[in-house]
There are 2 protein chains.
Amino acid sequence: MSQHRHPGAPGSAGAVPALPDLPEATVARLPEYLRALHNLADAGHETVSSEGLAAAAGVNSAKLRKDLSHLGSYGTRGVGYDVALLIEQIESVLGLTQRRAVALVGVGNLGHALAGYDGFASRGFRIAALFDADPARVGEEINGLVVQHVDELPRVAAEESIAIGVIATPAAAAQPVADQLVAVGVTSILNFAPCVLSVPEGVDVRKVDLAIELQILSFHEHRKASLTALPATGGSALTALPGGLAANDSQEAIGT
Amino acid sequence: MSQHRHPGAPGSAGAVPALPDLPEATVARLPEYLRALHNLADAGHETVSSEGLAAAAGVNSAKLRKDLSHLGSYGTRGVGYDVALLIEQIESVLGLTQRRAVALVGVGNLGHALAGYDGFASRGFRIAALFDADPARVGEEINGLVVQHVDELPRVAAEESIAIGVIATPAAAAQPVADQLVAVGVTSILNFAPCVLSVPEGVDVRKVDLAIELQILSFHEHRKASLTALPATGGSALTALPGGLAANDSQEAIGT
DNA sequence: CGCGATTTGTGCACCTCTTCACAAGCGCCT
DNA sequence: AGGCGCTTGTGAAGAGGTGCACAAATCGCG
Ligand SMILES: NC(=O)c1ccc[n+]([C@@H]2O[C@H](COP(=O)([O-])OP(=O)(O)OC[C@H]3O[C@@H](n4cnc5c(N)ncnc54)[C@H](O)[C@@H]3O)[C@@H](O)[C@H]2O)c1
Ligand SMILES: NC(=O)c1ccc[n+]([C@@H]2O[C@H](COP(=O)([O-])OP(=O)(O)OC[C@H]3O[C@@H](n4cnc5c(N)ncnc54)[C@H](O)[C@@H]3O)[C@@H](O)[C@H]2O)c1
């Protein structure tokens with residue numbers, strides 16, 4: 001992704017707000033910690049140990065401690081972390097203290113599901129507008145929002161100060177839509193269309209591609225099948241690994 | 001994940017399955033290459049250079065070459081890669097030569113969209129069954145498939161030899177559903193519910209969490225805002241960045 | 001037949017991320 | 001007060017991934 005500039009160089013006066021500048025891998029895990037913390041809070045826990053939180057988030061406890069240490073965390077040795085405080089800290093770092101406005105472009109099959117998803121609202125976002133290019137869809141109301149024509153984007157973007165654009169159009173339309181989003185000042189895009197978007201520097205794009213996820217699973221499925229099918233043939237010196245292999249943290253993966 | 005071990009280079013027999021044992025990061029990129037290759041093939045290209053394919057897939061060309069070299073690729077120096085051959089190779093490695101059967105559990109808001117998604121079929125998968133626990137939903141027909149009660153899972157799994165399970169139920173139901181899937185022999189799960197699944201060793205779980213993606217974008221949005229706010233120099237110009245323009249890599253990022 | 005243009009495959013250095021192991025800090029109990 | 005068990009925070013080692021730079025291989029052409 002983008003190259004991060006180090007603040008150190010220029011005479012940056014007094015360091016006031018203290019930009020965290022977290023490792024990318026850590027940033028990707030913070031939302032997971034946050035979700036786990038909310039669950040713990042709902043369950044009445046006031047504090048939690050790194051071990052406990054790590055288990056709830058499905059990661060290694062040492063990794064979790066290091067992640068939290070990066071944001072100058074406030075844990076107490078011998079006790080653990082204050083759940084409420086930690087939630088506050090992480091939300092602050094992730095910029096969730098303000099409820100960011102999200103625009104969804106492409107209200108088809110998938111777009112409908114996204115528009116009706118309450119996980120947006122409950123986790124710090126507000127779907128501010130729905131757009132589609134199909135006149136037949138314009139005017140339709142979903143979850144209290146009316147689908148507008150994509151030509152309205154410039155006007156609405158200004159009114160609602162859209163922070164994030166979500167693309168759920170067919171692949172062929174994704175690049176033009178991305179260009180339109182960028183043109184109205186959107187600097188963060190979540191893309192569900194199976195294609196590579198090219199955007200100017202300073203704009204972040206994240207992609208979700210179902211088929212890719214399935215194909216990765218397919219690879220592992222394939223590998224598992226080969227392993228059980230032909231145990232060590234010939235002089236493969238290595239152990240035959242009877243049952244399972246690897247002992248590891250399943251879950252998640254990659255991401256990291 | 002996992003510990004792989006393999007003799008590696010020499011003496012790899014002849015025309016045998018020959019387990020690839022690829023780096024996980026490479027596996028995660030192969031589907032992207034595959035998609036780009038299909039586009040190129042449709043456009044009539046017979047060969048493609050690493051540079052060209054890398055651009056189409058949004059990655060660095062050296063990385064792409066290294067990835068392909070891992071699967072003992074058949075490129076021709078001075079020419080490039082044969083598109084059709086490479087497609088065949090990658091599909092073989094990913095185990096896409098057989099059309100794997102996918103079971104979708106939870107036919108609600110999101111499940112409906114997934115059930116109607118043709119990206120499954122066109123990329124090597126077959127939705128073999130739909131399940132839900134709500135009696136009101138059982139019997140509904142979507143895209144030629146009838147929603148069955150989740151209790152039918154054992155029978156159907158045996159009949160259709162389900163390879164991959166997709167969970168699109170509320171978070172509270174995800175773990176029980178995962179357990180049921182594992183119980184009937186499914187060893188690969190794609191989870192859309194925002195929760196950590198615990199599964200026995202040997203079962204792969206991949207997770208897709210929309211809110212997490214948005215929160216990661218939010219972090220970068222937050223950081224970008226702080227950066228432009230601080231640098232007192234001149235106006236709020238976001239252009240005229242230091243360093244060269246760099247053309248990009250953008251896209252994707254992180255780990256995937 | 002040899003030469004130059006082109007492109008692959010990879011050694012290497014660098015960087016990020018992960019994980020272990022342990023000292024330091026904290027609260028509690030005696 | 002002092003000791004004890006528990007937990008954090010982190011140094012250091014290792015594993016894995018990335019990208020440069022270049023030698024080797026191949027094609028086309030004169
Ligand atoms: N349906 C799924 O489960 C699913 C899963 C993963 C990825 N996707 C991807 O998400 C995207 C949308 O999938 P879908 O099933 O909803 O498709 P869809 O055809 O049902 O919906 C696409 C919508 O985008 C609108 N659209 C087309 N061009 C537009 C433009 N230029 N501006 C604004 N809107 C435009 C169309 O009018 C339509 O309403 C596709 O790229 C698909 O590959 C879908
Ligand atoms: N809708 C979205 O856009 C979206 C996006 C990202 C993630 N998600 C997640 O996907 C999941 C599904 O979301 P949704 O909006 O479709 O919810 P939904 O409530 O519309 O659908 C859930 C479905 O699962 C069924 N179900 C419940 N328990 C079940 C069980 N034990 N076995 C089988 N089926 C069961 C319900 O009957 C219902 O039909 C949720 O976890 C949600 O957080 C949804």
Side-chain angles (χ1 to χ4, degrees), chain A residues 1-4 6 21-30 32-33 45-55 57-83 85-86 89 246-249 251-256, chain B residues 1-6 8-10 21-30 33 45-55 57-83 85-86 89 246-256:
Chain A
M1 165 178 293
S2 52
Q3 320 296 344
H4 297 179
H6 259 197
D21 196 21
L22 309 172
E24 199 51 43
T26 295
V27 174
R29 282 188 295 266
L30 288 181
E32 197 74 53
Y33 302 157
H45 292 72
E46 300 215 337
T47 65
V48 64
S49 69
S50 65
E51 202 72 45
L53 182 53
V59 303
N60 178 304
S61 68
K63 196 189 302 189
L64 180 136
R65 285 197 299 275
K66 185 150 290 186
D67 283 341
L68 294 186
S69 78
H70 281 132
L71 44 90
S73 150
Y74 290 74
T76 311
R77 296 174 192 231
V79 177
Y81 299 89
D82 182 288
V83 172
L85 178 61
L86 200 47
Q89 287 268 319
N248 58 65
D249 61 310
Q251 201 77 15
E252 182 94 37
I254 313 198
T256 73
Chain B
M1 58 164 73
S2 67
Q3 60 202 43
H4 313 105
R5 212 42 327 215
H6 205 319
D21 197 20
L22 311 171
E24 196 54 40
T26 295
V27 173
R29 282 187 295 265
L30 288 181
Y33 302 156
H45 292 72
E46 301 215 335
T47 65
V48 64
S49 69
S50 64
E51 203 72 44
L53 182 54
V59 303
N60 178 301
S61 68
K63 196 190 300 188
L64 180 137
R65 286 198 297 278
K66 187 154 292 185
D67 283 342
L68 295 186
S69 79
H70 280 132
L71 42 92
S73 151
Y74 288 73
T76 310
R77 295 175 191 228
V79 177
Y81 299 89
D82 181 288
V83 173
L85 179 61
L86 200 47
Q89 287 267 319
N248 93 109
D249 61 289
S250 63
Q251 199 75 16
E252 184 95 37
I254 312 177
T256 141

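Just so you know, these numbers use all the heavy atoms, side chains as well, and skip hydrogens, waters and symmetry mates. Letters A, B, ... mirror the listed sequences (proteins, then strands); counts begin at 1.
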**Message:** Can you measure A:His70 atom NE2 to C:dC17 atom C1' for me and round it to whole angstrom units?
**Reply:** 10 Å
**Whole-Å gap separating C1' (D:dT26) and CG (B:Asp82)** = 15 Å
**Message:** With a 3.5 Å cut-off and heavy atoms only, can you find an N or O donor on one side and an acceptor on the other between the side chain of B:Arg77 and the base of C:dT7?
**Reply:** no
**Request:** Determine: side-chain N/O of A:Asn60 to OP1/OP2 of C:dC17, distance under 4.0 Å, yes or no.
**Result:** no
**Prompt:** For B:Asp67 and C:dG9, what is the distance between atoms CG and P respectively, to the nearest whole Å?
**Reply:** 12 Å
**Complete:** Ranking D:dG19, C:dC17, D:dT18 by distance to the side chain of A:Pro23, first place goes to C:dC17
**Message:** Does D:dT26 have its OP1 or OP2 closer than 4.0 Å to a side-chain nitrogen or oxygen of B:Thr76?
**Reply:** no
**Asked** Name the one of B:Leu22, B:Asp67, B:Leu71 that satisfies side-chain contact (heavy atoms from CB on, under 4.5 Å) with B:Val27?
**Response** B:Leu22
**Prompt:** Is the distance from OP1 or OP2 of C:dG9 to the nearest side-chain N or O of B:Tyr74 less than 4.0 Å?
**Reply:** no
**Fill in**
Of B:Gly78 and A:Val79, the one whose closest nucleotide on DNA chain C sits nearer the 5' end is B:Gly78
**Complete:** The nucleotide from C:dA24, C:dG27, C:dT7 with an atom nearest the side chain of B:Ser49 is C:dT7
**Asked** So which nucleotide from D:dG17, C:dG27, D:dG9 ends up closest to the side chain of A:Ser69?
**Response** D:dG9
**Per B:Lys66 side chain, nearest of listed nucleotides C:dC20, D:dT18, C:dC17** = D:dT18
**Prompt:** Among C:dT18, C:dT8, C:dC26, which is the nearest nucleotide to the side chain of A:Arg29?
**Reply:** C:dT18
**Request:** Using the side-chain contact (heavy atoms from CB on, under 4.5 Å) rule, take A:Thr76 and A:Thr47 through it: C-alpha gap first, then chi angles, then the decisive distance, then the call.
**Result:** CA-CA 10 Å; A:Thr76 311; A:Thr47 65; over 6 Å; no
**Item:** Worked check of side-chain contact (heavy atoms from CB on, under 4.5 Å) between B:Ser61 and B:Arg65
**Value:** CA-CA 6 Å; B:Ser61 68; B:Arg65 286 198 297 278; 3.6 Å; yes
**Prompt:** Out of D:dG9, C:dT8, C:dC20, which has the shortest distance to the side chain of B:Arg65?
**Reply:** C:dT8
**Prompt:** Would a 4.5 Å heavy-atom cut-off, applied to side chains only, mark B:Tyr33 and B:Leu64 as touching?
**Reply:** yes
**Fill in**
A:Tyr81 OH to C:dC26 P, in whole Å, measures 13 Å
**Message:** Students often get this wrong, so: under 4.0 angstrom with heavy atoms, is B:Ala62 touching a base, only sugar-phosphate, or nothing?
**Reply:** base
**Request:** Starting at atom CG of B:Leu64, determine the distance to atom P of D:dT18, rounded to an integer number of angstrom.
**Result:** 12 Å
**Request:** Could you state the atom-to-atom distance from CD of B:Glu51 to P of C:dA5 in whole Å?
**Result:** 18 Å
**Complete:** B:Lys63 NZ to C:dT16 C1', in whole Å, measures 13 Å
**Request:** Round to a whole Å and report the spacing from CG of A:Asp21 to C1' of C:dC15.
**Result:** 14 Å
**Request:** Determine, stepwise, if the pair B:Tyr81 / B:Leu68 fulfils side-chain contact (heavy atoms from CB on, under 4.5 Å).
**Result:** CA-CA 10 Å; B:Tyr81 299 89; B:Leu68 295 186; 3.6 Å; yes
